[in-house]
J.: 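The structure follows.
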Amino acid sequence: MTETVPLKLFNSLTRQLEPFQPVHPGEARVYSCGPTVYSYQHIGNMRAYVFADTLGRTLKFKGYALRHVINITDVGHLTSDADAGDDKMEKAAAQSGKTAWDIAAFFTAEFKRDLGWLKVTDPAKWTVATEYVPAMIDYAKSIADKHCYELDSGLYFDVTTVPDYGRLARAATDEGEGRIEQIEGKRHQADFAIWRKTPPGESRQMEWDSPWGRGAPGWHLECSVMSSAELGMPFDIHTGGIDHREIHHPNEIAQNQAHECSAHTGATIWMHNNFLKIRDGKMSKSEGGTVRMQHLVDAGFHPLAYRMVCLQAHYRSELEFSWEGLQAAFVRLKRLVMTVSGLRAQAEPADAPGARLAPYLERFEAALSDDLNTAVALTVLEEAAALKKTDSGEKLAALAAMDRALGLDLLTLRREELRIRPKAATIAEAEIEAILTQRKEARAAKDFATSDALRDELAAAGVEVMDGDPLGWDWKLGEG
(Lines give C-alpha, C1' and ligand atoms only; values in the text may rest on other atoms or scores of the structure.)
Protein backbone atom coordinates (compact mmCIF):
# COMPACT_ATOMS: atom_id res chain seq x y z
CA MET A 1 0.00 0.00 0.00
CA THR A 2 1.34 3.37 -1.03
CA GLU A 3 1.74 5.82 1.84
CA THR A 4 3.44 8.62 -0.11
CA VAL A 5 0.26 9.54 -2.04
CA PRO A 6 -2.70 9.43 0.33
CA LEU A 7 -6.08 8.73 -1.19
CA LYS A 8 -8.38 11.73 -0.82
CA LEU A 9 -12.11 11.52 -1.54
CA PHE A 10 -14.85 14.13 -1.57
CA ASN A 11 -17.24 13.54 1.30
CA SER A 12 -20.73 14.82 0.46
CA LEU A 13 -21.46 15.00 4.17
CA THR A 14 -18.74 17.57 4.90
CA ARG A 15 -18.50 19.00 1.37
CA GLN A 16 -14.73 18.66 1.35
CA LEU A 17 -11.89 16.37 0.36
CA GLU A 18 -10.86 14.01 3.14
CA PRO A 19 -8.09 11.42 3.42
CA PHE A 20 -9.39 7.88 3.31
CA GLN A 21 -8.89 6.33 6.74
CA PRO A 22 -10.48 2.87 6.83
CA VAL A 23 -12.45 1.70 9.82
CA HIS A 24 -10.60 -1.63 9.61
CA PRO A 25 -6.89 -1.20 8.77
CA GLY A 26 -6.00 -2.42 5.30
CA GLU A 27 -9.63 -3.05 4.37
CA ALA A 28 -12.21 -0.96 2.49
CA ARG A 29 -15.92 -1.64 2.99
CA VAL A 30 -18.20 -0.01 0.41
CA TYR A 31 -21.96 -0.05 -0.10
CA SER A 32 -23.56 1.15 -3.34
CA CYS A 33 -27.24 1.80 -3.86
CA GLY A 34 -28.35 -0.57 -6.61
CA PRO A 35 -31.25 -0.45 -9.07
CA THR A 36 -34.95 -0.93 -8.57
CA VAL A 37 -35.50 -3.76 -11.04
CA TYR A 38 -38.90 -2.83 -12.45
CA SER A 39 -37.53 -1.70 -15.83
CA TYR A 40 -34.35 -1.37 -17.89
CA GLN A 41 -31.54 0.83 -16.61
CA HIS A 42 -30.60 3.71 -18.91
CA ILE A 43 -27.06 4.93 -19.49
CA GLY A 44 -27.48 7.67 -16.88
CA ASN A 45 -28.20 4.98 -14.30
CA MET A 46 -25.15 3.03 -15.44
CA ARG A 47 -22.83 5.96 -14.79
CA ALA A 48 -23.27 5.34 -11.05
CA TYR A 49 -21.92 1.80 -11.37
CA VAL A 50 -18.95 2.79 -13.54
CA PHE A 51 -18.15 5.34 -10.81
CA ALA A 52 -18.54 2.83 -7.97
CA ASP A 53 -16.46 0.28 -9.88
CA THR A 54 -13.72 2.86 -10.49
CA LEU A 55 -13.73 3.65 -6.77
CA GLY A 56 -13.40 -0.04 -5.93
CA ARG A 57 -10.64 -0.56 -8.49
CA THR A 58 -8.79 2.47 -7.10
CA LEU A 59 -9.03 1.15 -3.56
CA LYS A 60 -7.54 -2.15 -4.72
CA PHE A 61 -4.88 -0.28 -6.73
CA LYS A 62 -3.96 1.47 -3.48
CA GLY A 63 -3.58 -1.91 -1.79
CA TYR A 64 -6.80 -2.21 0.21
CA ALA A 65 -8.75 -5.44 0.51
CA LEU A 66 -12.15 -4.48 -0.89
CA ARG A 67 -15.55 -5.68 0.30
CA HIS A 68 -18.12 -4.09 -1.98
CA VAL A 69 -21.88 -4.65 -1.60
CA ILE A 70 -24.54 -3.61 -4.12
CA ASN A 71 -28.24 -4.06 -3.45
CA ILE A 72 -31.06 -5.09 -5.74
CA THR A 73 -34.31 -3.35 -4.82
CA ASP A 74 -37.16 -5.66 -5.75
CA VAL A 75 -39.76 -4.31 -3.32
CA GLY A 76 -40.72 -1.12 -1.51
CA HIS A 77 -39.49 1.65 -3.82
CA LEU A 78 -42.33 3.98 -4.74
CA THR A 79 -42.62 5.87 -8.02
CA SER A 80 -41.19 8.88 -6.16
CA ASP A 81 -38.21 8.80 -3.82
CA ALA A 82 -40.30 10.88 -1.40
CA ASP A 83 -42.88 8.35 -0.16
CA ALA A 84 -45.27 9.17 -3.01
CA GLY A 85 -47.03 7.04 -5.61
CA ASP A 86 -47.32 3.31 -6.15
CA ASP A 87 -44.71 0.64 -5.50
CA LYS A 88 -42.63 0.46 -8.68
CA MET A 89 -42.56 -3.33 -8.73
CA GLU A 90 -46.28 -3.74 -8.06
CA LYS A 91 -47.10 -1.14 -10.71
CA ALA A 92 -44.91 -2.85 -13.31
CA ALA A 93 -46.49 -6.20 -12.48
CA ALA A 94 -50.00 -4.81 -12.88
CA GLN A 95 -49.13 -3.23 -16.23
CA SER A 96 -47.40 -6.30 -17.65
CA GLY A 97 -49.59 -9.08 -16.32
CA LYS A 98 -46.46 -10.83 -15.01
CA THR A 99 -45.54 -11.54 -11.43
CA ALA A 100 -43.39 -9.04 -9.59
CA TRP A 101 -40.91 -11.84 -8.99
CA ASP A 102 -40.60 -12.58 -12.71
CA ILE A 103 -40.15 -8.89 -13.50
CA ALA A 104 -37.43 -8.59 -10.86
CA ALA A 105 -35.59 -11.65 -12.18
CA PHE A 106 -35.72 -10.45 -15.81
CA PHE A 107 -34.55 -6.89 -15.18
CA THR A 108 -31.89 -8.02 -12.70
CA ALA A 109 -30.43 -10.25 -15.42
CA GLU A 110 -30.53 -7.36 -17.93
CA PHE A 111 -28.81 -5.05 -15.46
CA LYS A 112 -26.06 -7.55 -14.72
CA ARG A 113 -25.51 -8.11 -18.44
CA ASP A 114 -24.98 -4.36 -18.90
CA LEU A 115 -22.52 -4.35 -16.00
CA GLY A 116 -20.63 -7.18 -17.69
CA TRP A 117 -20.47 -5.24 -20.93
CA LEU A 118 -18.99 -2.30 -19.03
CA LYS A 119 -16.45 -4.52 -17.20
CA VAL A 120 -17.91 -3.55 -13.84
CA THR A 121 -16.47 -5.95 -11.29
CA ASP A 122 -18.95 -8.17 -9.47
CA PRO A 123 -19.35 -7.04 -5.87
CA ALA A 124 -18.45 -9.31 -3.00
CA LYS A 125 -22.17 -9.56 -2.29
CA TRP A 126 -25.40 -8.82 -4.12
CA THR A 127 -28.07 -8.11 -1.52
CA VAL A 128 -31.64 -8.67 -2.71
CA ALA A 129 -34.19 -6.73 -0.68
CA THR A 130 -36.85 -9.44 -0.42
CA GLU A 131 -34.30 -11.81 1.14
CA TYR A 132 -33.82 -9.39 4.06
CA VAL A 133 -37.45 -8.63 4.95
CA PRO A 134 -37.35 -10.56 8.29
CA ALA A 135 -34.21 -8.58 9.22
CA MET A 136 -35.98 -5.36 8.19
CA ILE A 137 -38.90 -6.14 10.50
CA ASP A 138 -36.51 -6.83 13.39
CA TYR A 139 -34.63 -3.61 12.64
CA ALA A 140 -37.86 -1.60 12.59
CA LYS A 141 -39.00 -3.18 15.87
CA SER A 142 -35.72 -2.14 17.51
CA ILE A 143 -36.25 1.55 16.70
CA ALA A 144 -40.05 1.78 16.73
CA ASP A 145 -40.60 2.72 20.37
CA LYS A 146 -38.16 5.64 20.48
CA HIS A 147 -38.19 6.91 16.91
CA CYS A 148 -41.41 5.91 15.15
CA TYR A 149 -45.17 6.27 15.32
CA GLU A 150 -47.99 4.37 13.67
CA LEU A 151 -50.68 5.67 11.33
CA ASP A 152 -53.40 3.88 9.43
CA SER A 153 -51.08 3.81 6.40
CA GLY A 154 -48.02 2.43 8.18
CA LEU A 155 -45.12 3.02 10.55
CA TYR A 156 -43.37 6.39 10.20
CA PHE A 157 -39.99 7.65 11.36
CA ASP A 158 -39.97 10.91 13.33
CA VAL A 159 -36.97 12.82 11.96
CA THR A 160 -36.78 15.08 15.02
CA THR A 161 -35.62 12.14 17.13
CA VAL A 162 -32.14 12.05 15.58
CA PRO A 163 -29.45 14.75 15.51
CA ASP A 164 -29.03 17.10 12.57
CA TYR A 165 -31.50 15.45 10.18
CA GLY A 166 -30.94 16.45 6.55
CA ARG A 167 -27.33 17.53 7.04
CA LEU A 168 -26.23 15.50 4.01
CA ALA A 169 -28.72 17.18 1.70
CA ARG A 170 -28.54 20.55 3.46
CA ALA A 171 -32.25 20.58 2.59
CA ALA A 172 -33.96 20.43 5.99
CA THR A 173 -35.97 23.52 5.10
CA ASP A 174 -39.53 24.19 4.11
CA GLU A 175 -38.40 24.35 0.49
CA GLY A 176 -36.49 21.10 0.65
CA GLU A 177 -39.11 19.19 2.56
CA GLY A 178 -41.92 20.50 0.39
CA ARG A 179 -41.07 17.85 -2.18
CA ILE A 180 -42.12 15.11 0.25
CA GLU A 181 -45.71 13.93 0.03
CA GLN A 182 -47.94 15.11 2.86
CA ILE A 183 -49.56 12.12 4.58
CA GLU A 184 -52.46 12.91 6.89
CA GLY A 185 -51.37 12.45 10.49
CA LYS A 186 -47.63 12.81 9.92
CA ARG A 187 -46.00 14.81 12.68
CA HIS A 188 -43.52 16.49 10.37
CA GLN A 189 -43.35 16.99 6.64
CA ALA A 190 -40.02 15.12 6.36
CA ASP A 191 -41.13 12.03 8.33
CA PHE A 192 -40.92 8.93 6.17
CA ALA A 193 -42.37 5.43 6.05
CA ILE A 194 -40.54 2.54 7.68
CA TRP A 195 -43.36 0.08 6.92
CA ARG A 196 -46.32 0.54 4.61
CA LYS A 197 -49.51 -1.29 5.40
CA THR A 198 -51.47 -2.84 2.57
CA PRO A 199 -54.68 -0.76 2.36
CA PRO A 200 -57.89 -2.53 3.42
CA GLY A 201 -59.45 -4.47 0.58
CA GLU A 202 -56.23 -4.53 -1.44
CA SER A 203 -53.49 -7.12 -1.80
CA ARG A 204 -49.91 -6.99 -3.01
CA GLN A 205 -47.87 -9.65 -4.71
CA MET A 206 -45.06 -8.79 -2.30
CA GLU A 207 -46.34 -8.40 1.27
CA TRP A 208 -45.47 -9.77 4.68
CA ASP A 209 -46.93 -9.89 8.17
CA SER A 210 -45.48 -7.43 10.69
CA PRO A 211 -46.35 -5.94 14.09
CA TRP A 212 -47.88 -3.00 12.18
CA GLY A 213 -50.01 -5.09 9.86
CA ARG A 214 -49.51 -6.88 6.58
CA GLY A 215 -47.54 -4.84 4.09
CA ALA A 216 -44.07 -4.09 2.77
CA PRO A 217 -40.94 -2.30 4.03
CA GLY A 218 -40.08 1.27 3.14
CA TRP A 219 -37.38 1.69 0.52
CA HIS A 220 -35.07 3.66 2.83
CA LEU A 221 -35.17 0.91 5.45
CA GLU A 222 -33.82 -1.66 3.01
CA CYS A 223 -30.42 -0.05 2.49
CA SER A 224 -29.81 0.55 6.20
CA VAL A 225 -30.56 -3.08 6.97
CA MET A 226 -28.54 -4.59 4.12
CA SER A 227 -25.49 -2.37 4.56
CA SER A 228 -25.30 -2.97 8.30
CA ALA A 229 -25.89 -6.71 7.89
CA GLU A 230 -23.11 -7.17 5.34
CA LEU A 231 -20.56 -4.50 6.29
CA GLY A 232 -21.20 -3.73 9.96
CA MET A 233 -21.53 -0.26 11.42
CA PRO A 234 -19.78 1.98 10.81
CA PHE A 235 -18.37 1.10 7.40
CA ASP A 236 -16.18 3.15 5.10
CA ILE A 237 -17.95 4.49 2.01
CA HIS A 238 -21.53 4.71 0.78
CA THR A 239 -22.05 5.59 -2.91
CA GLY A 240 -25.01 6.55 -5.05
CA GLY A 241 -26.32 9.02 -7.58
CA ILE A 242 -26.59 12.66 -6.60
CA ASP A 243 -30.39 12.34 -6.58
CA HIS A 244 -30.08 10.05 -3.53
CA ARG A 245 -28.33 12.83 -1.62
CA GLU A 246 -31.54 14.79 -1.08
CA ILE A 247 -33.98 12.28 0.44
CA HIS A 248 -32.95 8.63 0.34
CA HIS A 249 -29.53 8.93 1.97
CA PRO A 250 -30.60 11.41 4.67
CA ASN A 251 -33.32 8.93 5.61
CA GLU A 252 -30.82 6.09 5.67
CA ILE A 253 -28.63 8.16 7.97
CA ALA A 254 -31.54 8.83 10.33
CA GLN A 255 -32.28 5.12 10.58
CA ASN A 256 -28.61 4.29 11.14
CA GLN A 257 -28.38 6.83 13.95
CA ALA A 258 -31.53 5.50 15.58
CA HIS A 259 -30.46 1.87 15.36
CA GLU A 260 -26.89 2.43 16.50
CA CYS A 261 -27.87 4.99 19.19
CA SER A 262 -25.16 7.25 17.79
CA ALA A 263 -24.74 10.49 15.91
CA HIS A 264 -22.54 8.65 13.38
CA THR A 265 -24.13 8.48 9.94
CA GLY A 266 -23.28 4.82 9.34
CA ALA A 267 -20.71 5.43 6.61
CA THR A 268 -17.61 7.53 7.19
CA ILE A 269 -17.67 8.96 3.65
CA TRP A 270 -20.73 9.53 1.44
CA MET A 271 -19.94 9.84 -2.27
CA HIS A 272 -22.26 10.83 -5.12
CA ASN A 273 -21.81 10.89 -8.88
CA ASN A 274 -23.45 13.69 -10.83
CA PHE A 275 -26.13 13.43 -13.52
CA LEU A 276 -25.72 12.47 -17.14
CA LYS A 277 -27.50 14.88 -19.49
CA ILE A 278 -28.51 14.40 -23.10
CA ARG A 279 -27.46 17.25 -25.38
CA ASP A 280 -31.00 17.91 -26.69
CA GLY A 281 -32.47 17.67 -23.21
CA LYS A 282 -33.90 14.20 -23.53
CA MET A 283 -32.81 10.60 -24.06
CA SER A 284 -33.37 10.53 -27.82
CA LYS A 285 -32.75 8.20 -30.76
CA SER A 286 -34.35 5.22 -29.05
CA GLU A 287 -37.75 3.92 -28.13
CA GLY A 288 -39.25 4.88 -24.79
CA GLY A 289 -37.39 8.17 -24.60
CA THR A 290 -34.29 6.75 -22.89
CA VAL A 291 -30.95 5.47 -24.13
CA ARG A 292 -29.81 2.08 -22.85
CA MET A 293 -26.60 0.15 -23.25
CA GLN A 294 -28.36 -2.11 -25.74
CA HIS A 295 -29.04 0.93 -27.94
CA LEU A 296 -25.33 1.78 -28.01
CA VAL A 297 -24.47 -1.78 -29.02
CA ASP A 298 -27.24 -1.81 -31.62
CA ALA A 299 -25.69 1.36 -33.06
CA GLY A 300 -22.37 -0.43 -33.52
CA PHE A 301 -20.53 0.94 -30.49
CA HIS A 302 -18.58 -1.30 -28.16
CA PRO A 303 -19.92 -0.89 -24.58
CA LEU A 304 -16.49 0.13 -23.32
CA ALA A 305 -16.76 3.27 -25.44
CA TYR A 306 -19.38 4.40 -22.92
CA ARG A 307 -17.07 3.52 -20.03
CA MET A 308 -14.51 5.74 -21.75
CA VAL A 309 -17.10 8.54 -21.91
CA CYS A 310 -17.57 8.26 -18.14
CA LEU A 311 -13.85 8.11 -17.37
CA GLN A 312 -13.14 11.21 -19.46
CA ALA A 313 -15.14 13.30 -16.98
CA HIS A 314 -14.83 13.67 -13.23
CA TYR A 315 -17.54 11.70 -11.46
CA ARG A 316 -18.74 14.84 -9.62
CA SER A 317 -19.14 16.86 -12.81
CA GLU A 318 -22.33 16.90 -14.84
CA LEU A 319 -21.69 14.81 -17.94
CA GLU A 320 -23.24 15.57 -21.31
CA PHE A 321 -23.91 12.62 -23.59
CA SER A 322 -23.99 12.97 -27.35
CA TRP A 323 -23.55 10.46 -30.13
CA GLU A 324 -20.66 12.55 -31.46
CA GLY A 325 -18.99 12.43 -28.06
CA LEU A 326 -19.49 8.68 -27.91
CA GLN A 327 -17.89 8.34 -31.33
CA ALA A 328 -14.88 10.39 -30.20
CA ALA A 329 -14.50 8.25 -27.07
CA PHE A 330 -14.74 5.14 -29.25
CA VAL A 331 -11.88 6.39 -31.44
CA ARG A 332 -9.83 7.06 -28.29
CA LEU A 333 -10.49 3.51 -27.10
CA LYS A 334 -9.56 2.09 -30.51
CA ARG A 335 -6.24 3.94 -30.48
CA LEU A 336 -5.36 2.46 -27.11
CA VAL A 337 -6.42 -1.04 -28.13
CA MET A 338 -4.33 -0.84 -31.31
CA THR A 339 -1.29 0.41 -29.38
CA VAL A 340 -1.54 -2.33 -26.78
CA SER A 341 -2.19 -4.96 -29.46
CA GLY A 342 1.05 -3.92 -31.17
CA LEU A 343 2.95 -4.26 -27.91
CA ARG A 344 1.40 -7.67 -27.21
CA ALA A 345 2.59 -8.86 -30.60
CA GLN A 346 6.14 -8.03 -29.54
CA ALA A 347 6.32 -9.23 -25.94
CA GLU A 348 4.58 -10.53 -22.85
CA PRO A 349 4.12 -8.20 -19.88
CA ALA A 350 7.24 -8.03 -17.74
CA ASP A 351 7.20 -8.76 -14.03
CA ALA A 352 7.60 -5.04 -13.28
CA PRO A 353 7.22 -1.82 -15.30
CA GLY A 354 10.84 -0.74 -14.98
CA ALA A 355 12.43 2.54 -13.91
CA ARG A 356 11.50 4.49 -17.08
CA LEU A 357 7.78 3.90 -16.49
CA ALA A 358 7.89 4.63 -12.75
CA PRO A 359 7.22 8.40 -13.10
CA TYR A 360 4.13 7.67 -15.19
CA LEU A 361 2.78 5.26 -12.59
CA GLU A 362 3.43 7.86 -9.89
CA ARG A 363 1.50 10.51 -11.83
CA PHE A 364 -1.26 8.02 -12.55
CA GLU A 365 -1.59 7.14 -8.88
CA ALA A 366 -1.53 10.81 -7.92
CA ALA A 367 -4.44 11.49 -10.28
CA LEU A 368 -6.56 8.65 -8.91
CA SER A 369 -5.65 9.61 -5.35
CA ASP A 370 -6.99 13.10 -6.04
CA ASP A 371 -10.67 12.14 -5.70
CA LEU A 372 -10.59 9.69 -8.63
CA ASN A 373 -9.41 12.13 -11.29
CA THR A 374 -9.81 9.62 -14.11
CA ALA A 375 -9.58 12.28 -16.83
CA VAL A 376 -5.98 13.03 -15.87
CA ALA A 377 -5.24 9.35 -15.24
CA LEU A 378 -6.35 8.50 -18.78
CA THR A 379 -4.02 11.10 -20.22
CA VAL A 380 -1.10 9.68 -18.25
CA LEU A 381 -1.91 6.18 -19.50
CA GLU A 382 -1.90 7.45 -23.09
CA GLU A 383 1.42 9.20 -22.56
CA ALA A 384 2.92 5.98 -21.20
CA ALA A 385 1.52 4.02 -24.15
CA ALA A 386 3.12 6.48 -26.60
CA LEU A 387 6.54 6.44 -24.91
CA LYS A 388 9.27 5.61 -27.42
CA LYS A 389 12.38 3.46 -27.03
CA THR A 390 10.94 1.55 -24.09
CA ASP A 391 10.96 -2.19 -23.48
CA SER A 392 7.59 -3.51 -24.71
CA GLY A 393 7.21 -5.95 -21.84
CA GLU A 394 7.88 -3.27 -19.24
CA LYS A 395 5.48 -0.90 -20.96
CA LEU A 396 2.78 -3.61 -20.98
CA ALA A 397 3.33 -4.16 -17.27
CA ALA A 398 2.77 -0.46 -16.60
CA LEU A 399 -0.29 -0.27 -18.83
CA ALA A 400 -1.72 -3.40 -17.20
CA ALA A 401 -1.39 -1.85 -13.75
CA MET A 402 -3.11 1.33 -14.90
CA ASP A 403 -5.84 -0.52 -16.73
CA ARG A 404 -6.68 -2.60 -13.68
CA ALA A 405 -7.75 0.69 -12.11
CA LEU A 406 -9.60 2.05 -15.15
CA GLY A 407 -11.24 -1.14 -16.38
CA LEU A 408 -10.93 -0.71 -20.15
CA ASP A 409 -9.78 -4.31 -20.65
CA LEU A 410 -6.86 -3.14 -22.78
CA LEU A 411 -4.67 -6.21 -22.40
CA THR A 412 -7.31 -8.69 -23.54
CA LEU A 413 -9.53 -6.68 -25.89
CA ARG A 414 -8.76 -7.31 -29.56
CA ARG A 415 -9.26 -4.78 -32.36
CA GLU A 416 -11.72 -7.04 -34.20
CA GLU A 417 -13.90 -7.24 -31.09
CA LEU A 418 -14.45 -3.49 -31.27
CA ARG A 419 -16.20 -3.74 -34.62
CA ILE A 420 -19.81 -4.49 -33.78
CA ARG A 421 -22.29 -4.98 -36.58
CA PRO A 422 -25.00 -2.34 -36.27
CA LYS A 423 -28.47 -3.71 -35.75
CA ALA A 424 -29.75 -1.43 -38.51
CA ALA A 425 -27.35 -2.94 -41.03
CA THR A 426 -29.36 -5.20 -43.34
CA ILE A 427 -26.36 -7.04 -44.75
CA ALA A 428 -23.80 -9.30 -43.10
CA GLU A 429 -20.36 -8.06 -42.15
CA ALA A 430 -18.74 -10.24 -44.82
CA GLU A 431 -20.90 -8.52 -47.43
CA ILE A 432 -19.93 -5.12 -46.06
CA GLU A 433 -16.25 -6.01 -46.35
CA ALA A 434 -16.71 -7.37 -49.88
CA ILE A 435 -18.43 -4.17 -51.04
CA LEU A 436 -15.73 -2.06 -49.35
CA THR A 437 -13.07 -4.03 -51.23
CA GLN A 438 -14.88 -3.38 -54.52
CA ARG A 439 -15.16 0.29 -53.64
CA LYS A 440 -11.45 0.59 -52.84
CA GLU A 441 -10.64 -1.00 -56.19
CA ALA A 442 -13.00 1.42 -57.95
CA ARG A 443 -11.44 4.40 -56.20
CA ALA A 444 -7.95 3.17 -57.08
CA ALA A 445 -9.06 2.99 -60.72
CA LYS A 446 -10.62 6.47 -60.38
CA ASP A 447 -14.01 4.98 -61.20
CA PHE A 448 -15.81 7.39 -58.90
CA ALA A 449 -19.26 6.66 -60.28
CA THR A 450 -18.96 3.02 -59.16
CA SER A 451 -17.38 4.12 -55.89
CA ASP A 452 -20.29 6.46 -55.15
CA ALA A 453 -22.85 3.81 -56.11
CA LEU A 454 -21.30 1.29 -53.74
CA ARG A 455 -21.22 3.92 -50.99
CA ASP A 456 -24.93 4.59 -51.56
CA GLU A 457 -25.64 0.86 -51.47
CA LEU A 458 -24.02 0.60 -48.05
CA ALA A 459 -25.81 3.70 -46.80
CA ALA A 460 -29.16 2.20 -47.82
CA ALA A 461 -28.26 -0.86 -45.72
CA GLY A 462 -27.59 1.29 -42.64
CA VAL A 463 -23.80 1.46 -43.00
CA GLU A 464 -21.85 4.73 -43.12
CA VAL A 465 -18.52 4.53 -44.95
CA MET A 466 -15.74 6.37 -43.10
CA ASP A 467 -13.32 7.57 -45.78
CA GLY A 468 -10.05 8.85 -44.42
CA ASP A 469 -10.46 7.33 -40.96
CA PRO A 470 -6.92 7.54 -39.53
CA LEU A 471 -7.45 4.26 -37.71
CA GLY A 472 -8.60 2.41 -40.79
CA TRP A 473 -12.08 1.78 -39.42
CA ASP A 474 -13.99 1.67 -42.68
CA TRP A 475 -17.62 1.72 -41.59
CA LYS A 476 -20.05 2.43 -38.76
CA LEU A 477 -23.75 2.91 -38.25
CA GLY A 478 -25.21 5.82 -40.18
CA GLU A 479 -26.93 8.67 -38.35
CA GLY A 480 -30.24 8.29 -40.17
Side-chain angles (χ1 to χ4, degrees), residues 30-42 44-49 51-52 68-96 98-115 120 122-137 139-140 154 157 192-196 204-208 210 215-231 238-253 255-256 266-267 272-273 290:
V30 180
Y31 182 87
S32 296
C33 280
T36 304
V37 286
Y38 71 103
S39 185
Y40 295 104
Q41 303 297 303
H42 57 66
N45 302 136
M46 299 311 294
R47 186 186 187 192
Y49 305 106
F51 151 60
H68 189 190
V69 173
I70 305 177
N71 76 289
I72 298 292
T73 295
D74 57 352
V75 65
H77 191 174
L78 302 192
T79 48
S80 165
D81 291 356
D83 281 354
D86 301 319
D87 184 296
K88 289 183 177 181
M89 297 301 302
E90 298 284 340
K91 183 176 181 179
Q95 290 174 340
S96 68
K98 299 177 182 178
T99 71
W101 308 96
D102 287 343
I103 288 171
F106 175 80
F107 287 115
T108 297
E110 291 289 299
F111 168 64
K112 290 183 178 180
R113 180 204 62 184
D114 289 354
L115 292 182
V120 171
D122 279 339
K125 177 83 173 182
W126 289 104
T127 57
V128 179
T130 48
E131 296 174 1
Y132 289 77
V133 172
M136 294 177 200
I137 293 172
Y139 190 106
F157 190 98
F192 57 91
I194 294 288
W195 186 266
R196 296 187 183 87
R204 301 172 187 244
Q205 292 189 29
M206 292 180 165
E207 59 179 3
W208 295 262
S210 81
W219 175 47
H220 314 298
L221 179 65
E222 297 173 8
C223 285
S224 286
V225 170
M226 292 185 286
S227 60
S228 61
E230 298 301 330
L231 299 176
H238 195 312
T239 78
I242 198 170
D243 50 320
H244 292 337
R245 191 183 65 187
E246 304 310 308
I247 297 174
H248 179 47
H249 287 169
N251 290 352
E252 270 192 70
I253 288 171
Q255 293 163 161
N256 296 342
H272 299 90
N273 64 280
T290 60

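One-based numbering along the sequence shown.
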J.: Parallel, tilted or perpendicular: which fits the ring planes of His220 and Phe192, with parallel below 30° and perpendicular above 60°?
T.: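 Answer is perpendicular, since the angle exceeds 60°.
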J.: Show, in sequence, the C-alpha distance, side-chain angles and deciding distance for Gln41 and Phe107, and conclude whether the side chain to side chain contact (heavy atoms under 4.5 Å, CB included) test is met.
T.: CA-CA 8 Å; Gln41 303 297 303; Phe107 287 115; over 6 Å; no
J.: Does the side chain to side chain contact (heavy atoms under 4.5 Å, CB included) test come out yes or no for Gln255 and Ile194, once each step is laid out?
T.: CA-CA 9 Å; Gln255 293 163 161; Ile194 294 288; 3.4 Å; yes
J.: Can you list the residues that meet the side-chain contact (heavy atoms from CB on, under 4.5 Å) rule with Lys98, with sequence neighbours excluded?
T.: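 In terms of side-chain contact (heavy atoms from CB on, under 4.5 Å), with neighbours along the sequence ignored, Lys98 is linked to Ser96, Ile103.
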J.: Below 4.5 Å, heavy atoms only, C-beta onward: do Ile137 and Tyr132 meet side chain to side chain?
T.: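 The answer is no, as the side chains (C-beta and beyond) never meet within the 4.5 Å cut-off.
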J.: Apply side-chain contact (heavy atoms from CB on, under 4.5 Å) to Asp102 and list each qualifying residue two or more places apart in sequence or on a separate chain.
T.: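 Scan of Asp102 (side-chain contact (heavy atoms from CB on, under 4.5 Å), adjacent residues dropped) gives Thr99.
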J.: Please tell me whether Thr130 and Asp74 have a donor and an acceptor in their side chains that are separated by less than 3.5 angstrom.
T.: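 A pair is found: one side chain offers a donor N or O, the other an acceptor, under 3.5 Å apart.
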J.: Run Ser228 and Tyr139 through side chain to side chain contact (heavy atoms under 4.5 Å, CB included) and show every step you take.
T.: CA-CA 10 Å; Ser228 61; Tyr139 190 106; 4.1 Å; yes
J.: Determine whether Cys33 and Cys223 make a side-chain contact, defined as any pair of heavy atoms from C-beta on separated by less than 4.5 Å.
T.: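 Yes. Closest side-chain heavy atoms under 4.5 Å.
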J.: Consider only side-chain N and O atoms of His42 and Thr290, and report whether a donor and an acceptor are under 3.5 Å apart.
T.: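 No pair is found: no donor N or O on one side chain lies under 3.5 Å from an acceptor on the other.
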J.: Just by distance, with hydrogens left out, do Glu252 and Tyr31 show a side-chain donor and acceptor under 3.5 Å apart?
T.: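 Distance-only check fails for Glu252 and Tyr31.
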J.: Between Arg196 and Asp87, does at least one N-O distance fall below 4.0 Å, as a salt bridge requires?
T.: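 Looking at Asp87 together with Arg196, the answer is no, because their closest N to O distance does not fall below 4.0 Å.
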J.: Answer yes if the ring centres of Phe111 and Tyr40 are under 6.0 angstrom apart, and no otherwise.
T.: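 Phe111 vs Tyr40: aromatic centres not under 6.0 Å.
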J.: State, with a plain yes or no, whether a side-chain heavy atom of Leu115 is found less than 4.5 Å away from one of Met46.
T.: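 The answer is yes, as the side chains (C-beta and beyond) meet within the 4.5 Å cut-off.
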J.: For residues Thr239 and Val30, determine if any side-chain heavy atom of one lies less than 4.5 Å from a side-chain heavy atom of the other.
T.: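 SC-SC contact between Thr239 and Val30 confirmed.
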J.: Is any side-chain heavy atom of Ile70 less than 4.5 Å from a side-chain heavy atom of His68?
T.: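 Heavy-atom side-chain distance check passes, below 4.5 Å.
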J.: Indicate whether any N or O donor in one side chain lies under 3.5 Å from an N or O acceptor in the other, for His238 and Ser227.
T.: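 No, Ser227 and His238 have no side-chain donor paired with an acceptor closer than 3.5 Å.
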J.: Could you go through the side chain to side chain contact (heavy atoms under 4.5 Å, CB included) check for Trp208 and Val75 one step at a time?
T.: CA-CA 11 Å; Trp208 295 262; Val75 65; 3.8 Å; yes
J.: Check for me whether the distance between the ring centres of Trp219 and His249 falls short of 6.0 Å.
T.: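 No - the distance between ring centres of Trp219 and His249 does not fall below the 6.0 Å cut-off.
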